[in-house]
Amino acid sequence: MKKVYRLRKNEQFHTVRSKGRSWANRWLVLCALPNDLPYSRFGFTVSRRVGSAVVRNRARRLLREAVRLRRETIAPGWDLVFVARAPMKEAAFHEVDRAVEQLLRRARLLLPDPDDEESQERVKKDEE
RNA sequence: CAAGCAGGCCGGGCGGUCGCGCCCUGAGCAUCCUCAGGGUGAGGAAAGUCCGGACUCCGCAGAGCACGGUGCUGGCUAACGGCCAGGCGGGGCGACCCGACGGAUAGGGCCACAGAAACAUACCGCCUGAAUCAUUUCAGGUAAGGGUGAAAAGGUGGUGUAAGAGACCACCGGCGGGGCUGGUGACAGUCCCGGCCAGGCAACCCCCACCGGGAGCAAGGCCAAGCAGGAGGGAGCGCCUGCGGGCGCAGGGAGCUGCUCGUGCCCUUUGACCUCCGGGUAGGCCGCAUGAGGCGCACGGUAACGUGCGUCCCAGAUAGAUGACCGCCACCCCAUCCAGGGGGACAGAAUCCGGCUUACAGGCCUGCUUGGGUG
RNA sequence: GCCCCCAUCGUCUAGAGGCCUAGGACACCGCCCUUUCAAGGCGGCGACAGGGAUUCGAAUUCCCUUGGGGGCA
């Protein structure tokens, strides 16, 4: 993921964490805040509570990869911060991927998939 | 073959599809954005931050004190609390391993409880004398035996004695002093003398020798929005007033793409605006990777290591790059008749190096020891 | 990243080599007191972060590990 699509400054992280909305599941916390840009930006936080340096690096890389592969389907114009929780240290890639998808779906930040009738119907309902 | 000891090394390999950091080249006005091509991208401990340096800033005439560290000897090194070699002590049948290993007659302090006594003595004893019908008591001698304790003035045999005792003698062991021999030295060997004058703790203070100025790359340097600060320039009259200010005319200023018009806004001595100055926050850049560098060969040295020649360039991020998915092979485990199933330790660069310490699945190589077997 | 500090019952703490089988307060449990509760009294439960070293002897001294906390732009 290129640098422009990432959150870079401590201040940006604080803004999103304090002013944005948040969703959580067993592995992750997602915070989101509109950013008035034509694209979305992402940040990843793994604290020392999760584990050693090796564990934290791996967690962050898995998260970044999961988000990279889904970037086309994520709504533009948001700053998103993913915070890893303790169970992340044992998670495999597909579990991380599923956790990311679940949170994005709950936050309604996924673009409507042409093949997915359910989500299209939901968008229609929102428009009504 | 089994058990073990020492030293060195590895820490899966190849390929495909997506993706990331840095460097170089080219193109798009472009160190910064985009695209294309090429190169490169975690460790033996990158870890703990326990030592030592380099580097940077601060301090500094010199010396001493304080404080901290190290502590057998010689060497290596930029330096070290590291390494090599040797000595001594201890452990192991052995290969080998382990050792904070200076000083306790420079001084101070401590040694609980127990025990008579913890560094100087006598509780039970033993012996002599006196008193006493006797039990026993008193005075003196003694340190062999008993008991206490972690620790109590060397061991064996004899002479000696009232009983004993290094009181004396022989041998052994230890201590102190001196000489000789070997060794750079620690030390070893040997001879003579002394007198058994006799504990332990210096990871208690201390003494001796040697070493150390303080902080740390978030060091430090450069550029520098904004907000304040300083210097200079800077355009006025009238009316009203409840003295805060307001209104009119005139003028000035910055802005609205360059000019004009127009339009609001701000200001005219409690100063709009313009110019300059120093310090410096956010932020950015440098520091930042060619180095006490790696590899190979030769020479010197028992070795650590050094010297010379050749050759190579080998991470550099800043919410922090080395990831995801898959195939084949190798390895290990389960099942072993096949099919098959499962697994991959400890751990992630952050200024850089030399060490130490701690963690670690599994595997490879070399030398050596002990025991057994076979030829 | 660099540099410091701390660790004792459930909680807050005392302790400076032997007097420690570790003391105190609050909390908890039981009994007494009270019609009952609180307060009070008596008794009980309960800890030296882990490992090694020095020492006759370690909560205390030294080393390593683990876990907390703080400072530096």
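Naming convention: chains lettered A, B, ... in sequence-line order (proteins, then strands); numbering from 1 in each chain.
- The side-chain tip of Arg64(A) does not point at the ring of Phe42(A) from less than 6.0 angstrom away and within 45° of straight on.
- Applying the side-chain contact (heavy atoms from CB on, under 4.5 Å) test to Pro34(A) and every residue at least two apart in sequence or in another chain returns Trp78(A).
- We find that CZ of Phe42(A) is positioned 18 Å from P of A319(B), with the value rounded to whole Å.
- Only the P atoms considered, G62(B) is 38 Å distant from U290(B), to the nearest whole Å.
- In this structure Arg70(A) satisfies the side chain to side chain donor-acceptor pair (under 3.5 Å) test together with Asp97(A), sequence neighbours excluded.
- Nucleotides C88(B) and G185(B) have their C1' atoms positioned 14 Å apart, rounded to a whole Å.
- When the P atom is used for both U60(C) and G15(C), the distance is 15 Å, rounded to whole Å.
- Ala24(A) is linked by a side-chain contact (heavy atoms from CB on, under 4.5 Å) to Val29(A), Arg85(A), counting only residues two or more places apart in sequence or in another chain.
- Using a 90° window around 0 for the glycosidic torsion, A42(B) falls inside it and is classed as syn.
- Contacts of Arg41(A) classified as side chain to side chain donor-acceptor pair (under 3.5 Å), with partners at least two apart in sequence or in another chain: Asp79(A).
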Would you list the atom pairs, donor with acceptor, under 3.5 Å between side chains in residues 49-63 of chain A and any protein atom, with sequence neighbours excluded?
| unit_1 | atom_1 | unit_2 | atom_2 | d |
| --- | --- | --- | --- | --- |
| Arg56(A) | NH1 | Gly51(A) | O | 2.9 |

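- If you take CZ of Arg56(A) and C1' of A317(B), they are 16 Å apart, rounded to a whole angstrom.
- Between U302(B) and C204(B), the two P atoms lie 44 Å apart (nearest whole Å).
- Atom P of C197(B) sits at a distance of 15 Å from the matching atom of G176(B), rounded to the whole Å.
- Listed by first and then second residue, the side chain to side chain donor-acceptor pair (under 3.5 Å) pairs that reach into residues 13-27 of chain A are Asn25(A)-Gln102(A), sequence neighbours excluded.
- RNA chain B is contacted by Ser52(A), Ala53(A), Val54(A) of residues 48-55 of chain A, taking any non-hydrogen atom closer than 4.0 Å.
- Separating the CZ atom of Arg6(A) from the C1' atom of A317(B) is a distance of 10 Å, rounded to the nearest angstrom.
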Would you tabulate the nitrogen or oxygen pairs shorter than 3.5 Å linking the protein to nucleotides 322-327 of chain B?
| unit_1 | atom_1 | unit_2 | atom_2 | d |
| --- | --- | --- | --- | --- |
| U322(B) | OP1 | Arg64(A) | NH2 | 3.1 |
| U322(B) | OP2 | Arg61(A) | NE | 2.7 |
| U322(B) | OP2 | Arg61(A) | NH2 | 3.2 |
| G323(B) | N2 | Glu65(A) | OE2 | 3.3 |
| A324(B) | OP1 | Arg58(A) | NH1 | 2.3 |
| A324(B) | OP1 | Arg58(A) | NH2 | 3.3 |

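- Computed from coordinates, the Asn57(A) CG to A47(B) C1' distance equals 14 Å when rounded to whole Å.
- For the C1' atoms, the distance linking C325(B) with G26(B) amounts to 34 Å, nearest Å.
- Checked options Asn35(A), Leu80(A), Val81(A); the residue passing with Val16(A) is Val81(A) (criterion: side-chain contact (heavy atoms from CB on, under 4.5 Å)).
- U358(B) and A347(B) have their C1' atoms separated by 13 Å, given to the nearest Å.
- Across the P atoms, G293(B) and G354(B) are found 9 Å apart, a figure rounded to whole Å.
- The base-pairing partner of U268(B), taking Watson-Crick or G-U wobble contacts with both distances under 3.5 Å, is A250(B).
- Look at OH on Tyr5(A): it is 11 Å from P on C20(B), rounded to the nearest Å.
- Between Arg98(A) and Glu95(A) there is no salt bridge, since no side-chain N of the basic residue sits under 4.0 Å from a carboxylate O of the acidic one.
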